[in-house]
Amino acid sequence: MCGRYTIVVSMEELMLRYLNEQPTDRYHTPKYNVAPMQNVTAVIHDGEKNKLGELRWGLVPSWASDDKIGSKMINARAETILEKASFKNLIRRKRAIIPADGFYEWKQLGSKKQPMRITMKDGAIFSMAALYDTWLAPDGRKLSTCTIITTTPNSLMADIHDRMPVILSPEDEALWLNRANDDVERLTALLRPYSADLMRAYPVSPIVGNVKNDTPECIEEQILLF
DNA sequence: CCAGACGTTGTT
DNA sequence: GTCTGG
DNA sequence: CCAGACGTTGTT
DNA sequence: GTCTGG
């Protein structure tokens, strides 16, 4: 699955990568340990252009009676996305991209868990496929939330875990974000494992387990624990 | 028809 | 809101 | 995903 | 064991 990730690059780099425009004054703090229930930087298309904004990770569907459900809805399985009441209608009009430069998975070794960080070999920013929705709180406030889509592992990931986030290749990003596109078949065809050849994995410190730790040490390569 | 769920992961 | 189960 | 809590009553 | 919070 995908329950933690990193986005260490500057807002400047994100703007250049997704908006194709020169950065403004905003500054994006490097994130070494992004966790569910936090606000994350996302890309959506407003009909004219890409926009960067914040979504809380953990989907709260528009019909939910309270927002507690969000902590459970951090991932959506690509294989069943069209069958689930919570997701099937979002695929048409509520698609987003969550930019990342790494994600974490915990490899189970007997009773121990070894955290691993997975990145692109060239260190590039990549796009995780996500869905979002907006929930209206009883007090009238709007809460926009998201869920990251998962799929089966590629050959690199299979050794670590049985799920991985859906990563869109750069040439598929526009198709995914385009609001006018409601071709569900074409959209779901994008939800497949990314090429293992372009990725690498390395062990990191167990300090990444605690969400309070959001420091460069989280992404430092470590000797395998076990 | 109404009531109740609506999710994924991992582990056994 | 929409689907499933009874 | 992992870490950490998991509860009520009454009193201040 | 299971749920909540981050």
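Computation of the quantities below employed the complete heavy-atom set of this structure, encompassing side-chain atoms and omitting hydrogens, waters and symmetry-equivalent molecules. Numbered from 1 within each chain, the chains take letters A, B, ... in sequence-line order.
- Two residues are said to be in side-chain contact when any heavy atoms from C-beta on lie closer than 4.5 Å; A/Asn33 and A/Glu217 fail this criterion.
- Using a 4.5 Å heavy-atom cutoff, the side chains of A/Val208 and A/Trp106 are in contact.
- Between B/dT12 and E/dG1, the distance separating the two P atoms is 9 Å to the nearest Å.
- In this structure, the side chain of A/Arg163 engages the main chain of A/Thr150 through a donor-acceptor pair within 3.5 Å.
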| task | Spell out protein contact along nucleotides 1-6 of chain E as letters: B when the base is contacted, S when just the sugar-phosphate is, - when no protein heavy atom is under 4.0 Å; keep the 5' to 3' order. | result | ----BB

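- Straight-line distance between the P atoms of D/dT9 and E/dT2: roughly 26 Å, to the nearest whole Å.
- At a threshold of 4.0 angstrom between heavy atoms, the contacts of A/Ala64 with the nucleic acid are absent.
- A/Lys121 places a side-chain N or O within donor-acceptor distance of the main-chain N or O of A/Asp197, the cut-off being under 3.5 Å.
- At the heavy-atom level, A/Ser62 lies nowhere under 4.0 Å from the strands shown.
- Under the 4.5 Å side-chain criterion, counting only non-hydrogen atoms from C-beta, A/Tyr18 is in contact with A/Ile125.
- Here A/Ser111 lies out of heavy-atom contact (under 4.0 Å) with every strand.
- B/dT8 and E/dT4: their C1' atoms are spaced 16 Å apart (whole Å).
- A/Phe103 is listed as a side-chain neighbour of A/Phe126, based on a closest heavy-atom distance under 4.5 Å.
- By the 6.0 Å contact criterion, CD on A/Glu221 is enclosed, its count of non-hydrogen atoms from other residues, nucleotides or ligands being greater than 12.
- Classification of A/Arg95 and A/Asp182 as a salt-bridged pair fails, no side-chain N sitting under 4.0 Å from a carboxylate O.
- Of all nucleotides present, only C/dT4 satisfies the Watson-Crick or G-U wobble test against B/dA3, with each distance under 3.5 Å.
- A donor-acceptor pair under 3.5 Å is absent between the side-chain atoms of A/Glu13 and the main chain of A/Met15, judged by distance alone.
- Nucleic acid contact class of A/Phe87 (heavy atoms, under 4.0 Å, all strands): sugar-phosphate only.
- Residue contacts shown for A/Thr147 are absent, as no nucleic acid heavy atom lies under 4.0 Å away.
- Taking the 5' to 3' direction, DNA chain D first and last meets chain A under 4.0 angstrom from a heavy atom at D/dC1 to D/dG4.
- Across all strands, A/Glu83 comes closer than 4.0 Å to no nucleic acid atom at all (heavy-atom distances).
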